[in-house]
Peer 1: 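Below you'll find the structure I mean.
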Amino acid sequence: MLLDKLKESNYTVVLTGAGMSTESGLPDFRSSDGLWEKEDPSRIASTDALNRNIEKFFEFYRHRVLGLQDCKPHTGHRILAKWEKEGVINSIITQNVDGFHAEAGSRNVAELHGTLQKVHCHMCGKEYDNDKYVNEQYQCECGGKLRPSVVLFGEMLPEEALLMAAEESEKADLFIVLGSSLTVTPANQFPLIAKQNGAYLAIINMEPTELDIYADETIHHRKIGELLKELDEGLAAQ
Ligand code: APR
């Protein structure tokens, strides 16, 4: 099954979601203890929140930036980076904003939802390191508000990342989803694009997802870190 496909595929693309980073200590969004179980995303992670709920917005994102500082990529991130170097996988499309794939050494990564590692001015666009939020400095030199360089609800996704994700999905003959509920568009379209182009679609997620019916293989109730370790050992044994 998936191990055989990893061995025989010519072009493997991985789509990751928040379930890829829970074993690093970061919460996901829609599990029972997920972020959106405690906050309404439209009221806190939206451009509207920047205007109408700014104190809560700053507090929410400062908390997430501080949380990021205490966490780091886990073995699963490092295995994906190793597999890229070994040619086992070709690229990663991620919905995550933690920067952990790059930090673990992956190079071919499309960050669909931007990054928490940076903040920028909502008015002039000037970019700063996310330390500004750590130090509770929320204002640009121009007087504009500083916001994280993540895609807020109501905003367009970065053109370059979208283009790369579409191109990679069309080239894939093996497409693996790791740790996403696949509920958010357009990220949840890329597995379907790959499938329509003849790819073998494997969905690895603790809980069933909305796209399981399209998958050639689903693996639930397994932790991603452990599973990637097992697959890596299987590849090494070949
Ligand atoms: N191993 C396997 N699966 C896991 C693990 C784990 N260790 N931890 C969590 N999961 C699964 C959960 O069961 C859940 O179904 O990962 C999935 C994560 O789904 P979501 O929380 O919905 O996160 P994601 O799919 O990445 O959300 C997409 O929504 O709010 C937006 O911008 C936000 O990028 C995010 C997008």
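Values below: all heavy atoms of this structure, side chains included; hydrogens, waters and symmetry mates excluded. The shown structure was predicted, so the numbers you read here are calculated from the model rather than taken from an experiment. Numbering of ligands and ligand atoms starts at 1, following listing order.
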Peer 1: Which atoms of ligand 1 sit under 4.0 Å from any heavy atom of T22?
Peer 2: 5 (C), 6 (C), 7 (N), 8 (N), 9 (C)
Peer 1: Taking only Lys NZ, Arg NE, NH1 and NH2, and the carboxylate oxygens of Asp or Glu, determine whether D173 and K5 approach each other closer than 4.0 Å.
Peer 2: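 Judged by the 4.0 Å cut-off on N to carboxylate O distance, D173 and K5 do not form a salt bridge.
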Peer 1: Strictly by modelled atom types, are D98 and S21 linked by a side-chain donor-acceptor pair under 3.5 Å?
Peer 2: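 Their side chains do contain a donor-acceptor pair, which is all the 3.5 Å distance test asks for.
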Peer 1: Among protein heavy atoms, which lies nearest atom 26 (O) of ligand 1, and at what distance?
Peer 2: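 Of the protein heavy atoms, A18 N, 2.8 Å lies nearest.
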Peer 1: How far is atom 30 (O) of ligand 1 from its nearest protein heavy atom, and which residue and atom is that?
Peer 2: W36 NE1, 2.7 Å
Peer 1: Identify, by atom number and element, the atoms of ligand 1 in contact range of K223, meaning under 4.0 Å from any of its heavy atoms.
Peer 2: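 Reading through ligand 1 atom by atom, the close ones are 1 (N).
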Peer 1: Can we say E226 and K229 salt-bridge, meaning some charged N sits less than 4.0 Å from an Asp/Glu carboxylate O?
Peer 2: no
Peer 1: Tell me, please: is S31 in heavy-atom contact with ligand 1, that is, under 4.0 Å?
Peer 2: yes
Peer 1: Purely on distance, is any nitrogen or oxygen of F153 under 3.5 Å from one on ligand 1?
Peer 2: no
Peer 1: Starting from atom 10 (N) of ligand 1, what is the nearest protein heavy atom, named by residue and atom, and what distance separates them?
Peer 2: G19 CA, 3.6 Å
Peer 1: Check each of S181, S180, P27 against atom 20 (P) of ligand 1 and report the one with the nearest heavy atom.
Peer 2: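 Comparing heavy atoms across S181, S180, P27, the nearest one to atom 20 (P) of ligand 1 lies in S181.
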Peer 1: For residues P191 and L15, report the shortest heavy-atom separation together with the two atoms involved.
Peer 2: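 So the two residues come closest at CG-CD2, 3.8 Å.
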Peer 1: At what distance is the nearest protein heavy atom to atom 28 (C) of ligand 1, and which residue and atom is it?
Peer 2: Q95 OE1, 3.1 Å
Peer 1: Can F57 and T47 be said to form a side chain to side chain contact (heavy atoms under 4.5 Å, CB included), step by step?
Peer 2: CA-CA 10 Å; F57 178 93; T47 44; over 6 Å; no
Peer 1: Taking atom types as modelled and ignoring hydrogens, do the side chains of D212 and T209 form a donor-acceptor contact shorter than 3.5 angstrom?
Peer 2: yes
Peer 1: What protein heavy atom sits nearest atom 16 (O) of ligand 1, and how far away is it?
Peer 2: N205 OD1, 3.1 Å
Peer 1: N/O of I224 under 3.5 Å from N/O of ligand 1, yes or no?
Peer 2: yes
Peer 1: Output, in order, the C-alpha distance, side-chain angles, deciding distance and verdict of side-chain hydrogen bond (donor to acceptor under 3.5 Å, both in side chains) for Q95 and S180.
Peer 2: CA-CA 9 Å; Q95 301 171 86; S180 178; 2.9 Å; yes
Peer 1: With a heavy-atom distance limit of 4.0 Å, tell me whether R30 approaches ligand 1 through its side chain, its backbone, both, or neither.
Peer 2: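 Near ligand 1, R30 shows its backbone as well as its side chain.
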Peer 1: I'd like to know whether H74 forms a side chain to side chain contact (heavy atoms under 4.5 Å, CB included) with H77, so could you lay out the CA-CA distance, the side-chain angles of the two residues, the decisive distance to 0.1 Å, and finally the verdict.
Peer 2: CA-CA 6 Å; H74 62 75; H77 292 99; 3.5 Å; yes
Peer 1: Show the atoms of ligand 1 that are less than 4.0 angstrom away from any heavy atom in E207.
Peer 2: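 Near E207, meaning under 4.0 Å from one of its heavy atoms, ligand 1 has 13 (O), 15 (O).
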Peer 1: Assess whether a salt bridge exists between E39 and R43, defined as any Lys/Arg side-chain N lying under 4.0 Å from an Asp/Glu carboxylate O.
Peer 2: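 Here E39 does not pair with R43 in a salt bridge, since their nearest N and O are not under 4.0 Å apart.
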Peer 1: For ligand 1, which atoms, with element, lie under 4.0 Å from some heavy atom of E23?
Peer 2: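 That gives atoms 1 (N), 6 (C), 7 (N) of ligand 1.
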Peer 1: Among protein heavy atoms, which lies nearest atom 3 (N) of ligand 1, and at what distance?
Peer 2: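 Sorting protein heavy atoms by distance from atom 3 (N) of ligand 1 puts M206 N, 3.0 Å first.
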Peer 1: Check for a donor-acceptor pair, side chain of E103 on one end and backbone N or O of P73 on the other, with a separation under 3.5 Å.
Peer 2: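 Checking the backbone N and O of P73 against the side chain of E103, no donor-acceptor pair under 3.5 Å is found.
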Peer 1: Taking 4.0 angstrom as the limit and counting only heavy atoms of G17, give me the atoms of ligand 1 inside it, by number and element.
Peer 2: 26 (O)
Peer 1: Locate the shortest heavy-atom distance separating M20 from G76; write the atom from each residue and the value.
Peer 2: CE-C, 3.5 Å
Peer 1: Residue-level breakdown please: for H113 versus ligand 1, do any non-hydrogen atoms fall below 4.0 Å on the side chain, on the backbone, on both, or on neither?
Peer 2: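 Under 4.0 Å from ligand 1, H113 contributes side-chain atoms alone.
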Peer 1: Aromatic rings Y138 and Y133: how do their planes relate, parallel, tilted or perpendicular, breaks at 30° and 60°?
Peer 2: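 Y138 and Y133: perpendicular rings.
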Peer 1: Say whether F29, considering both its backbone and side-chain N or O atoms, lies within less than 3.5 Å of an N or O atom on ligand 1.
Peer 2: yes
Peer 1: Could you check whether E230 pairs with R222 (Lys NZ or Arg NE/NH1/NH2 to Asp/Glu carboxylate O, under 4.0 Å)?
Peer 2: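 Result for this pair is yes, salt bridge flagged.
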Peer 1: Within the 4.5 Å heavy-atom criterion, are L66 and D70 side-chain neighbours or not?
Peer 2: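 The answer is no; the side chains never approach within 4.5 Å.
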Peer 1: Does the N or O separation between T183 and ligand 1 drop below 3.5 Å for any pair?
Peer 2: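 No, there is no polar N/O contact under 3.5 Å.
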Peer 1: Please say whether N96 places an N or O atom under 3.5 Å from an N or O atom belonging to ligand 1.
Peer 2: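 No, N96 has no N/O under 3.5 Å of an N/O on ligand 1.
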Peer 1: Would you check whether G179 reaches within less than 4.0 Å of ligand 1, judged by its heavy atoms?
Peer 2: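 G179: in contact with ligand 1 (<4.0 Å).
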Peer 1: As an exercise, identify every atom of ligand 1 less than 4.0 angstrom from a heavy atom of R222.
Peer 2: 1 (N), 2 (C)
Peer 1: Is M20 in contact with ligand 1, taking contact as a heavy-atom separation below 4.0 Å?
Peer 2: no
